[in-house]
Visitor: 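This is the structure I have questions about; it appears just below.
No experiment lies behind these values; they were computed from the predicted model shown.
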Amino acid sequence: MAQLIAFAASQAGPAHSFITGEALRAAAERLGHRLALWVKSPLGDQGGWSEAERAGAQACILASDLDLDSPAPTHAPVLRIDPTEVLADAEGAVRRALQLAGALPPGAAPAAPAAAPVAAAPAAPLRIVAITSCPTGVAHTFMAAEALEQGAKALGHRIQVETQGSVGAQNALSPQAIAEADLVIIAADTQVQRERFAGKRLYVTSTKAAIHDAGAVFAQAAREAVPWSGAGPSSTASSGAATAPAEARSGAYKHLMTGVSFMLPFVVAGGLLIALAFALGGIYVYDDAHKGTLGWVLFQVGAKAGFALMLPALGGYIAYSIADRPGIAPGMIGGLLAGTVGAGFLGAIAAGFIGGYSVQALNRHLHLPKGLEGLKPVLLLPLLGAAITGVLMLMVIGEPMATVMAALTAWLKGLQTGSAVLLGLVLGGMMAVDMGGPVNKAAYVFSTTLIGSGVTEPMAAAMAGGMTPPLGIALACWLFRSRFLAEEREAAKATAVLGLAFISEGAIPYVARDPLRVIPVCVLGSAVAGGLSMFWHIGLQAPHGGVFVLAIPNAVNHVLLYAAAIAAGTGVTALGLGLVKREVTAPKVA
């Protein structure tokens with residue numbers, strides 16, 4: 001049994017660096033040898049070689065395409081190899097290292113050049129177009145785009161990625177680029193319009209999958225993508241036409257997140273306009289005594305227009321995610337009725353799913369003569385879907401939902417100090433569990449949708465909990481420098497800015513490197529921030545923006561206390577990381 005050491009670093013990004021290293025480790029184990037692995041990536045160093053492993057190494061494998069000084073020991077032979085060669089034949093790479101060390105197993109022969117064709121040939125370069133989108137249109141949208149671009153570059157593919165972020169589509173795909181593409185990839189956690197890709201091979205996945213392993217996404221897309229037929233409620237194609245199998249992967253969570261992403265601008269605009277109205281005219285600015293003043297007008301725009309459209313947008317775009325454009329009218333009508341009967345966001349969510357799935361079922365089972373098929377998306381489906389949704393909202397589920405919503409609102413408004421702190425602890429902790437994942441989004445959606453009901457304290461707790469992890473990590477990099485790598489300390493400046501902007505994903509690189517220590521500490525710090533926020537009864541009118549919305553008068557009712565809650569959570573996180581993280585002892589690459 002030979003002792004090998006390996007160093008993996010790929011310019012394609014963290015995912016390829018980790019995959020290259022693990023491929024070498026697995027190949028060595030299959031051949032009956034030990035391999036100590038050191039992976040270097042933008043997320044930091046993972047693994048490393050102990051002094052004993054370094055000194056006892058019989059051969060070193062440097063699988064890197066980066067311009068780095070060699071970390072290899074001087075006493076052992078070194079195999080320099082490109083990461084793509086490792087991915088094509090990891091066992092062959094290990095055998096070549098063993099040959100250099102003179103440690104091939106008895107009877108085993110090194111991989112001969114003539115046997116090279118047996119290894120899997122690299123896939124032919126593809127022309128790819130892609131779209132990335134996440135519910136808030138901030139971090140995950142652009143992280144997924146960057147991962148896809150780096151992965152395509154490493155594999156020799158040509159790619160153009162359109163990001164559908166909070167400021168709209170950027171780097172939009174042209175008709176020519178789509179026409180020339182061999183493959184279309186949609187990496188999104190919300191529904192994306194697909195009509196322009198009719199006839200193209202299309203594959204749908206999540207932003208998380210693209211960020212985690214872009215190479216695997218490309219490989220799976222090449223195997224599983226099928227031509228997008230365009231069949232669906234918004235198409236005039238036959239309703240019996242097959243749709244892409246990836247469509248089945250769209251679940252209730254994705255539909256809900258689509259609705260939330262379209263609802264957020266109404267909540268932001270409405271909440272901040274109301275805050276400005278209070279700043280100009282006082283807390284009774286809505287009274288007739290202030291009628292005609294700028295404050296009264298801003299209140300009407302924010303409360304009577306912005307917030308009034310929040311529930312229709314939520315219901316309408318949940319239905320849109322399920323049934324495409326014919327679902328918008330039933331969902332919006334149902335969301336409006338939910339507000340009318342007092343069912344609130346719970347009723348709007350129910351209306352969205354009822355409208356979407358009813359339209360989807362009608363589209364599948366309602367068959368018309370070919371000449372009349374075009375009437376379905378513009379006439380029959382919206383008409384029948386709206387009728388079904390409206391009748392159910394007013395005659396069946398509206399009143400029960402209104403009762404539940406009234407009870408929830410009364411309970412939240414009447415929380416005693418102990419219960420309020422407990423809710424704050426839970427919401428704050430949830431925001432740090434997965435840094436933008438499903439648990440984080442569950443707490444965020446719960447808090448955001450309550451703003452329209454006049455319950456703003458949970459939103460303050462959630463935002464404080466989401467800001468704390470990146471701020472705490474950035475502070476820890478400054479206070480406890482020996483616990484972090486040089487590149488981590490340098491990146492802490494950007495991490496702090498992301499934290500101030502309420503972008504929790506800034507903590508992800510640090511979590512990825514040391515999750516068992518970083519996540520529990522971040523959850524603790526976020527829980528402290530959320531608990532203090534609820535303890536001080538802090539309310540927040542805006543669901544996003546971080547410290548940049550605090551300058552708006554009345555956006556937060558107790559600005560200094562809110563800053564103190566965030567500072568306390570940040571301090572707990574930083575001190576906790578200083579206690580639990582070990583000093584960095586892994587060797588560095590210059």
Side-chain angles (χ1 to χ4, degrees), residues 1-41 43-123 150-151 154-156 212-216 218-220 513 586-589:
M1 177 184 292
Q3 172 66 62
L4 304 175
I5 57 175
F7 174 84
S10 172
Q11 64 179 358
H16 281 76
S17 301
F18 295 149
I19 292 172
T20 300
E22 290 303 324
L24 288 171
R25 192 206 302 271
E29 289 178 355
R30 286 194 299 271
L31 295 174
H33 302 283
R34 296 191 304 270
L35 184 142
L37 179 62
W38 177 11
V39 177
K40 187 175 186 65
S41 79
L43 298 181
D45 289 11
Q46 181 169 326
W49 310 326
S50 68
E51 290 301 324
E53 290 167 339
R54 185 184 182 92
Q58 296 170 254
C60 176
I61 302 174
L62 292 183
S64 174
D65 53 9
L66 298 175
D67 186 17
L68 300 171
D69 291 342
S70 173
T74 56
H75 70 278
V78 178
L79 172 66
R80 297 178 182 272
I81 189 169
D82 192 271
T84 56
E85 295 181 67
V86 174
L87 296 178
D89 185 9
E91 285 196 14
V94 174
R95 289 181 184 276
R96 287 164 60 187
L98 292 170
Q99 182 185 22
L100 290 175
L104 277 176
V118 176
Q150 292 180 349
L155 296 172
H212 179 69
D213 191 349
F218 291 132
Q220 196 164 0
R513 185 173 182 272
K588 307 291 191 301
V589 179

Visitor: Check Trp49 against Ala6 and note the closest heavy-atom contact, atom names and distance.
Guide: NE1-O, 3.1 Å

Visitor: Nearest 0.5 angstrom please: Ile81 CD1 to Ser64 OG, how far?
Guide: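 Output value for this atom pair is 12.0 Å.
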
Visitor: Supply the atom-to-atom distance Trp38 CH2 to Leu62 CG, rounded to the nearest 0.5 angstrom.
Guide: 10.0 Å

Visitor: So how far is it from Arg95 CZ to Leu79 CG, rounded to the nearest 0.5 Å?
Guide: 14.0 Å

Visitor: Applying side-chain hydrogen bond (donor to acceptor under 3.5 Å, both in side chains), name anything that partners Arg34, two or more places apart in sequence or on another chain.
Guide: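 Checked Arg34 against side-chain hydrogen bond (donor to acceptor under 3.5 Å, both in side chains); matches are Gln3.
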
Visitor: Nearest heavy-atom pair of Ala97 and Ile61: which atoms, and what distance?
Guide: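 In terms of heavy atoms, the two residues are closest at CB-CG1, 3.6 Å.
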
Visitor: Looking only at heavy atoms, which two atoms of Leu35 and Leu24 are closest? And how far apart?
Guide: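 Looking at all heavy atoms of both residues, the shortest contact is CD1-O, 4.0 Å.
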
Visitor: Minimum heavy-atom separation for Ile5 and Pro73, please, with both atom names.
Guide: CD1-CD, 3.6 Å

Visitor: Looking at Ala9 and Pro83, what are the two nearest heavy atoms and their distance?
Guide: O-CG, 4.0 Å

Visitor: Which heavy atom of Ala57 sits nearest to which heavy atom of His75, and what is that distance?
Guide: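 What the structure gives for the nearest pair is O-NE2, 3.2 Å.
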
Visitor: Does the pair Leu4 and Leu98 meet the rule for a side chain to side chain contact (heavy atoms under 4.5 Å, CB included), with working shown?
Guide: CA-CA 8 Å; Leu4 304 175; Leu98 292 170; 4.0 Å; yes

Visitor: Under the 3.5 angstrom rule, does the side chain of His33 hit a backbone N or O of Ala28 as a donor-acceptor pair?
Guide: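 Between the backbone of Ala28 and the side chain of His33 there is no qualifying donor-acceptor contact (under 3.5 Å).
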
Visitor: Mind checking what makes side-chain hydrogen bond (donor to acceptor under 3.5 Å, both in side chains) contact with Glu85, not counting sequence neighbours?
Guide: none

